[in-house]
Trainee: 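Structure in structure tokens, see below.
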Amino acid sequence: MGELNKSMGLGTRSQQQASSKARIRTGSLKIQRLRENALAYTFLAPSLILFAVFMFYPMIKSVYLSLHSTDPAGNVAAYVGLDNFTTLFSSGLFLQGIKVTLLFALLTVPVGILLALVLAALTHSKLRGMRIFQFAFSLPMVLSVGSSAVIWKFLFHPTLGMFNYLLSLLHINPVPWLTSPDWALFSVAMMTIWMNLGFNYIILSSGLQGIPDDMYESAKMDGAGPLVTFWRISMPLLSPTIFFVTVVSIIGAFQSFAQINILTKGGPVNSTNVFVYSIYQEAFVNFRFGTGSAQAIVLFAVILLLTMIQFKWVERKVHYQ
């Protein structure tokens with residue numbers, strides 16, 4: 001009996017030691033996790049602070065102002081609920097801004113992506129001198145929107161501009177690029193396509209370079225021509241890159257402001273009064289920060305809806321390797 005009790009005591013003691021070791025191990029793991037989380041949040045703190053100051057706070061402030069009326073100084077005057085949104089949707093200028101923005105996106109996004117895709121395909125070959133063309137096609141990305149708009153404003157000048165000078169050499173009447181409602185939006189779209197060409201070209205060119213050369217060699221051995229190879233091999237493998245460029249280009253088209261402010265200031269006759277410029281006029285020209293914030297909320301909802309639609313239906317046709 002004494003030996004049995006002794007063995008039982010030893011077993012109980014060993015179990016207690018094992019459980020205490022397990023508790024110590026669990027506690028040390030928790031401390032290690034807390035240290036790792038603290039280290040991670042320390043590295044993330046600068047980004048989180050910047051996001052909080054420049055994104056989250058303005059967004060919350062916009063929602064707050066959209067539910068209130070404000071004085072010219074931007075101070076809240078009274079709570080009006082959804083009256084700003086009601087006034088906005090019943091305004092003819094709001095609907096006009098939506099139409100102009102959609103038309104601007106249709107003019108810039110497909111043409112810009114297609115042009116960049118063609119240039120990326122033409123310069124994908126490893127011939128001598130292609131580096132020069134690659135540098136030239138990427139150059140618009142270096143210039144800022146303001147600098148690009150000023151350059152194109154001189155090109156569009158009715159008497160001193162290069163475009164009308166070239167037309168005069170062909171005995172064609174000068175075109176009122178920025179002063180006619182029929183030409184203004186088209187002119188701004190031309191400038192925007194050129195301005196976004198550098199980014200689109202670099203992204204699509206990088207996507208083409210990521211396709212293995214073995215696939216092209218196999219297609220060439222099977223007798224496939226350049227067009228068939230590009231359509232059957234390059235396009236499916238490039239579809240994730242094209243999808244990314246499409247999403248970014250649509251968002252950029254709906255957020256265009258600087259080139260319109262410099263070239264046309266929303267005119268003539270509101271023909272280039274896109275949604276963001278309408279927000280600028282409402283908030284910082286007319287000093288109606290409540291309705292301006294309501295327009296910003298609507299713009300955010302429209303962009304979010306379009307992005308969700310693209311990820312819901314368009315992404316199904318994307319071919320991931």
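Quick note: numbers below take in every heavy atom, side chains included, and nothing from hydrogens, waters or symmetry partners.
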Trainee: Please test Met141 against Leu197 for side-chain contact (heavy atoms from CB on, under 4.5 Å), starting from the C-alpha separation and ending with a verdict.
Mentor: CA-CA 7 Å; Met141 189 177 178; Leu197 181 63; over 6 Å; no
Trainee: Could you check whether atom CZ of Phe257 has more than 12 heavy atoms from other residues, nucleotides or ligands sitting under 6.0 Å from it?
Mentor: yes
Trainee: Kindly say whether Ala253 contributes a backbone atom to a donor-acceptor pair with the side chain of Ser256 at under 3.5 angstrom?
Mentor: yes
Trainee: Is there a path from Val118 to Ile202 through hydrophobic residues (I, L, V, M, F, W, Y) whose side chains come within less than 4.5 Å of each other?
Mentor: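 In one cluster with Val118: Ile202, no.
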Trainee: Kindly indicate, with the supporting measurements, whether the criterion side-chain contact (heavy atoms from CB on, under 4.5 Å) is fulfilled by Thr192 and Met195.
Mentor: CA-CA 5 Å; Thr192 304; Met195 184 183 66; 4.2 Å; yes
Trainee: Please report the closest heavy-atom contact between Gly292 and Ala283, naming both atoms and the distance.
Mentor: CA-CB, 4.4 Å
Trainee: Say whether His157 and Thr159, considering side chains only, have a donor N or O and an acceptor N or O under 3.5 Å apart.
Mentor: yes
Trainee: Evaluate the ring planes of Phe199 and Phe244, with Trp represented by its six-membered ring, and classify them as parallel (under 30°), tilted (30 to 60°) or perpendicular (over 60°).
Mentor: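 Aromatic pair Phe199/Phe244 classed tilted.
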Trainee: Has the side chain of Asn164 got a donor or acceptor atom that lies under 3.5 Å from a matching backbone atom of Val175?
Mentor: yes
Trainee: So, the side chain of Ser144 versus the backbone of Ser147: is there a donor-acceptor pair under 3.5 Å, distance only?
Mentor: yes
Trainee: Mind listing the closest non-hydrogen atom pair of Leu208 and Leu238 along with its distance?
Mentor: N-CD1, 3.6 Å
Trainee: Please round to the nearest 0.5 Å and tell me the distance separating atom CD1 of Ile242 and atom CG of Leu204.
Mentor: 6.5 Å
Trainee: Any sub-3.5 Å donor-acceptor pair from Thr272's side-chain atoms to Pro268's backbone N or O?
Mentor: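 Answer holds: no.
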Trainee: May I ask whether Val100 and Leu95 are part of the same hydrophobic cluster, defined by side-chain heavy atoms of I, L, V, M, F, W, Y residues being less than 4.5 angstrom apart, directly or through others?
Mentor: yes
Trainee: Would Phe85 end up clustered with Leu304 when hydrophobic side chains under 4.5 Å apart are linked, directly or stepwise?
Mentor: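 No; tracing contacts between hydrophobic side chains, which count when under 4.5 Å, never links both residues.
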Trainee: Compare every heavy atom of Gln255 with every heavy atom of Val276, then report the nearest pair and how far apart it is.
Mentor: CG2-CA, 3.6 Å
Trainee: Should the heavy atoms of other residues, nucleotides or ligands under 6.0 Å from CZ of Phe89 be counted, would the total exceed 12?
Mentor: yes
Trainee: Compare all side-chain heavy atoms of Leu82 with those of Leu67 and state whether any distance is below 4.5 angstrom.
Mentor: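 The answer is yes; the side chains approach within 4.5 Å.
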Trainee: What's the spacing between Phe289 CZ and Phe284 CZ if we round to 0.5 Å?
Mentor: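 It is 6.0 Å, given to the nearest 0.5 Å.
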Trainee: When you look at CG of Leu227, are more than 12 heavy atoms from neighbouring residues, nucleotides or ligands closer to it than 6.0 Å?
Mentor: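 Check fails, neighbour count at 12 or below.
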Trainee: For a quick check under 3.5 Å, do Ser62 and Ser293 share a side-chain donor-acceptor pair by atom type?
Mentor: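 No.
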Trainee: Taking atom types as modelled and ignoring hydrogens, do the side chains of Thr246 and Ser249 form a donor-acceptor contact shorter than 3.5 angstrom?
Mentor: no
Trainee: Could you check Phe104 against Phe254 for ring-ring contact (aromatic ring centres under 6.0 Å, His included), going step by step and ending with a plain yes or no?
Mentor: CA-CA 8 Å; Phe104 180 75; Phe254 273 81; 9.2 Å; no
Trainee: Say you draw a straight line from CG of Leu117 to OG1 of Thr241; how long is it, rounded to the nearest 0.5 Å?
Mentor: 10.0 Å
Trainee: State whether the number of non-hydrogen atoms from other residues, nucleotides or ligands found under 6.0 Å of Met130 atom CE is greater than 12.
Mentor: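 Yes, CE of Met130 has more than 12 neighbouring heavy atoms, counting only those of other groups under 6.0 Å.
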Trainee: Applying side-chain contact (heavy atoms from CB on, under 4.5 Å) between Ile193 and each of Val109, Thr108, Asn200, report the one that passes.
Mentor: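 Single side-chain contact (heavy atoms from CB on, under 4.5 Å) partner of Ile193 among Val109, Thr108, Asn200: Thr108.
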Trainee: Are Asn196 and Ile113 side-chain neighbours, meaning at least one heavy-atom pair lies under 4.5 Å?
Mentor: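 No; the side chains remain at least 4.5 Å from each other.
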Trainee: Measure the shortest side-chain to side-chain distance between Phe275 and Val298 over non-hydrogen atoms and say whether it is less than 4.5 angstrom.
Mentor: yes
Trainee: Regarding Tyr201 and Thr123, is there a side-chain donor-to-acceptor distance under 3.5 Å anywhere?
Mentor: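 On atom types as modelled, these side chains qualify, holding a pair under 3.5 Å.
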Trainee: Between Thr291 and Leu88, is any pair of side-chain heavy atoms under 4.5 Å apart?
Mentor: no
Trainee: I'd like to know if the side chain of Lys153 reaches the main chain of Ile262, judged simply by a donor and an acceptor atom lying under 3.5 Å from each other, with no hydrogens or angles considered.
Mentor: yes
Trainee: Do Asn273 and Gln281 come within less than 4.5 Å of each other through their side chains, counting heavy atoms only?
Mentor: yes
Trainee: How about Leu50 and Pro46: do any of their side-chain heavy atoms sit closer than 4.5 Å?
Mentor: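 A side-chain contact is absent here, since even the closest heavy-atom pair is not under 4.5 Å.
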Trainee: How are the rings of Trp152 and Trp194 set relative to one another: parallel (under 30°), tilted (30 to 60°) or perpendicular (over 60°)?
Mentor: tilted
Trainee: Strictly distance-based, threshold 3.5 Å: is any side-chain N or O of Asp71 a donor or acceptor partner for the main-chain N or O of Asn75?
Mentor: yes
Trainee: Between Trp183 and Phe156, is the ring centre distance below 6.0 Å?
Mentor: no
Trainee: Using only atom types and a distance under 3.5 Å, with no angle test, would you say the side chain of Ser180 pairs donor to acceptor with the backbone of Pro176?
Mentor: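 No; zero donor-acceptor contacts below 3.5 Å.
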Trainee: Given the rule that I, L, V, M, F, W and Y join up when any side-chain heavy atoms are under 4.5 Å apart, are Phe43 and Leu34 in one cluster?
Mentor: no
Trainee: Report the C-alpha separation of Glu282 and Phe287 in whole Å, then their side-chain angles, then the decisive distance to 0.1 Å, and conclude whether the side-chain contact (heavy atoms from CB on, under 4.5 Å) test is met.
Mentor: CA-CA 6 Å; Glu282 191 70 17; Phe287 297 104; over 6 Å; no
Trainee: Within the structure provided, determine whether Leu185 and Ser271 are in side-chain contact (heavy-atom separation under 4.5 Å).
Mentor: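 Side-chain contact under 4.5 Å: no.
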Trainee: Between the side chain of Thr42 and the main-chain N/O of Ala38, is any donor-acceptor distance below 3.5 Å?
Mentor: yes
Trainee: How far does OG1 of Thr229 sit from CD1 of Ile211, to the nearest 0.5 angstrom?
Mentor: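 Rounded to the nearest 0.5 Å, the OG1-CD1 separation comes to 11.0 Å.
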Trainee: Looking at CG of Asn37 and CG of Leu44, how far apart are the two atoms once the value is rounded to the nearest 0.5 Å?
Mentor: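 Between Asn37 CG and Leu44 CG, I get 10.5 Å after rounding to 0.5 Å.
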Trainee: Any donor-acceptor pair under 3.5 Å linking the side chain of Lys265 with the backbone of Asn261?
Mentor: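 Yes: the side chain of Lys265 pairs with the backbone of Asn261.
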Trainee: Is any side-chain heavy atom of Ser148 closer than 4.5 Å to one of Gln259?
Mentor: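 Not in contact.
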Trainee: Using the rule given for side-chain contact (heavy atoms from CB on, under 4.5 Å), can you reason through Phe94 versus Ile98, listing the C-alpha separation, both sets of side-chain angles and the distance that settles it, and then say yes or no?
Mentor: CA-CA 6 Å; Phe94 168 74; Ile98 288 288; 4.0 Å; yes
Trainee: If hydrophobic clusters are built by linking Ile, Leu, Val, Met, Phe, Trp and Tyr wherever their side-chain heavy atoms come under 4.5 Å apart, do Leu155 and Tyr165 end up in the same one?
Mentor: yes
Trainee: As an exercise, state the distance from OG of Ser66 to CG of Asn84, rounded to the nearest 0.5 Å.
Mentor: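 These two atoms lie 7.0 Å from each other.
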Trainee: Taking CD1 in Ile172 as the centre, count heavy atoms belonging to other residues, nucleotides or ligands within less than 6.0 Å. Is the count above 12?
Mentor: yes
